[in-house]
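All values below were derived from every heavy atom in this structure, side-chain atoms included, with hydrogens, water molecules and symmetry-related copies excluded.
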Amino acid sequence: MKKHIGSDDATVTVAVAMLSLLCTCGAITLTPTANGNTNLHPLILIPGAGGNQLEAKLTQDYKPSSFVCNSWYPLFKKKNGWFRLWFDSSVLLSPFTKCFADRMMLHYNQDRDDYFNTPGVLTRVPHFGSTSSLLYLNPRLKYVTEYMASLVDSLEKLGYIEGETLFGAPYDFRYGLAGEGHPCEVGSKFLEDLKKLIEEASASNGGKEVILVSHSLGGLFALELLNRNDPSWSRKFIKHLVALSAPWGGAMDEMLTFASGNTLGVPLVDPLIVRPQQRSSESNLWLLPNPKVYGHHQKLLITQNRSYSAHDMPDFLKDIGFLEGVYPYKTRILPLIENLKAPEQVPITCVIGSGVSTPEILFYRNGDFDEGPEILYGDGDGTVNMVSLLALQSLVGEDNKNQSIKVIKIDGVSHVSILKDEVALEQIIAEISRINSHHSHTAFGNIFVGR
């Protein structure tokens, strides 16, 4: 075991490097024409947490936490008052980190049973329908904030054209979804917008079914969209779901984020400053280890006084001092994640990294959650544990004999590097080519890609 303080996180706000994308393998290559390949099925990219830009605007109801937040931050604003909230490089500089965290904070209102922004902070997601906000988290810092640029470039070489056959579905990744009967204004609106985008993309391409390519948390949203609509809708509009690094059963790394905060991958960031914001994120609650996947017996976090399994999350949240997270977790999140299942008759390809050291058990010897724990590592993609990456396939094996899932493991590829790794991109593009060639329902099973 070694000391670990903060790591790149699959679902938490990550600074310089973002969550991963994974997809499958194939063998058939389509040849694009000069104006793109007219045989391609339209494709929509759904990013992971932190995988697209967010903008904010402050109103007179905003109460700054410091003079700096009121007078100097943000440094750059548009004429109409909107500014880049995610990703803004000034988050790396104290005291701006605290300003950023305050403005990214969500608040759960028990009377209204939903999550809301900090009062006085308006947020919006720029360029829905386009891939432009997915390419780089900050276009001024392309080298260090690249997200889907390499993937989009590879798709364009295959013949995809932005706005014609290639689309993006960015969203406010702080928000999530909840179990049946609970309002989720922001998350539900995203599913409505995504459904409409799918239907419009299909209509503008002669009624062809749409390929969904999701990354990380985006895979959970895609799964919920498919499960919340009638199978007849999916048969009409969905060609295939290609899920990259999907944390179907959550991630052990999320417990580390809730307990001790996440450094955003940058040494200058104090994890304790951003921890309250990270705890407030509805989507982070969603990504805690799923009891249905991790089980009763696997101990995930151990202190001198007790241990916690995935079934002990309410106690875990209480013991780390996050009492306000217990009620929404028990009433909204548990019913959602306990209903994890594969959609009916939708071909799915999962591409996952393997052979990368991934947090598996956290040891807080003195019970101080403000200090980084000792960590025992296991298999996964560096962020998501293997049991979670394979959870949907495991559930299909138990519950749905008619649903097949293809899994491609790529050795040594992490949750972050998958978006740029040449081997991974080759596998993703090859699988998309296969799907477009009408062979997407064949050759299911497990494929291992080594180095």
Side-chain angles (χ1 to χ4, degrees), residues 1-20 48-50 216 245 247-275 278-279 281 284-285 287-291 293-313 315-317 319-322 352-391 411-418:
M1 295 181 293
K2 71 176 184 180
K3 201 72 168 180
H4 173 100
I5 303 180
S7 71
D8 48 359
D9 188 271
T11 65
V12 179
T13 326
V14 208
V16 203
M18 294 312 307
L19 314 180
S20 62
S216 195
S245 288
W248 304 119
M252 177 59 226
D253 201 49
E254 282 295 320
M255 292 187 75
L256 175 60
T257 295
F258 273 87
S260 302
N262 190 292
T263 63
L264 311 181
V266 181
L268 296 177
V269 172
D270 183 347
L272 298 183
I273 292 180
V274 294
R275 183 175 63 180
Q278 293 168 341
R279 288 178 173 180
S281 170
N284 282 345
L285 271 184
L287 287 161
L288 284 168
N290 186 336
V293 174
Y294 285 80
H296 280 278
H297 302 297
Q298 176 62 44
K299 301 305 179 184
L300 305 177
L301 187 149
I302 300 173
T303 71
Q304 59 186 355
N305 297 319
R306 68 163 296 176
S307 59
Y308 302 85
S309 73
H311 285 264
D312 299 318
M313 287 302 149
D315 287 344
F316 164 71
L317 294 172
D319 291 346
I320 64 173
F322 186 50
I352 61 176
S354 65
V356 182
S357 295
T358 306
E360 194 161 285
I361 303 177
L362 307 180
F363 295 89
Y364 286 88
R365 301 292 186 186
N366 61 1
D368 186 357
F369 294 110
D370 290 348
E371 298 292 332
E374 295 178 358
I375 296 181
L376 179 66
Y377 292 87
D379 193 13
D381 65 9
T383 298
V384 183
N385 309 97
M386 188 57 63
V387 67
S388 177
L389 294 167
L390 296 177
D411 185 48
V413 171
S414 75
H415 201 70
V416 176
S417 67
I418 197 70

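- Pro271 places none of its side-chain heavy atoms less than 4.5 Å from the side chain of Ser260.
- The shortest non-hydrogen separation linking Met255 to Phe316 is O-CZ, 3.5 Å.
- Ring pair His296/His311 is parallel by interplanar angle, where below 30° counts as parallel and above 60° as perpendicular.
- In this structure, OH on Tyr364 lies 12.5 Å from CD1 on Ile302, to the nearest 0.5 angstrom.
- Residues Met252 and Ile375 have side chains not in contact (no heavy-atom distance under 4.5 Å, counting atoms from C-beta outward).
- By the 4.5 Å heavy-atom criterion applied to side chains, Trp248 and Val293 are not counted as neighbours.
- Considering only heavy atoms from C-beta on, Gln298 comes within 4.5 Å of Ile361 through its side chain.
- The side chain to side chain donor-acceptor pair (under 3.5 Å) check on Thr303 picks up nothing, with sequence neighbours excluded.
- For Leu301 against Phe369, the heavy-atom pair with the smallest separation is CD2-CE2, 4.1 Å.
- Within the 4.5 Å cutoff, no side-chain heavy atoms of Asp379 are placed close to those of Glu360.
- Residue Pro247 is tested with Asn385, Asp381, Leu287 for a side chain to side chain contact (heavy atoms under 4.5 Å, CB included); the sole match is Leu287.
- Shown here are the ring pair (Phe, Tyr, Trp, His ring centres under 6.0 Å) partners of Tyr294, two or more places apart in sequence or in another chain: there are none.
- With contacts defined as side-chain heavy-atom distances shorter than 4.5 Å, the pair Ser245/Val384 does not qualify.
- In this structure, the side chain of Arg275 engages the main chain of Ala259 through a donor-acceptor pair within 3.5 Å.
- Smallest separation of non-hydrogen atoms from Pro289 and Ala251: CD-O, 3.5 Å.
- The line from CG of Asp253 to CG of Asn262 is 6.5 Å long, rounded to the nearest 0.5 Å.
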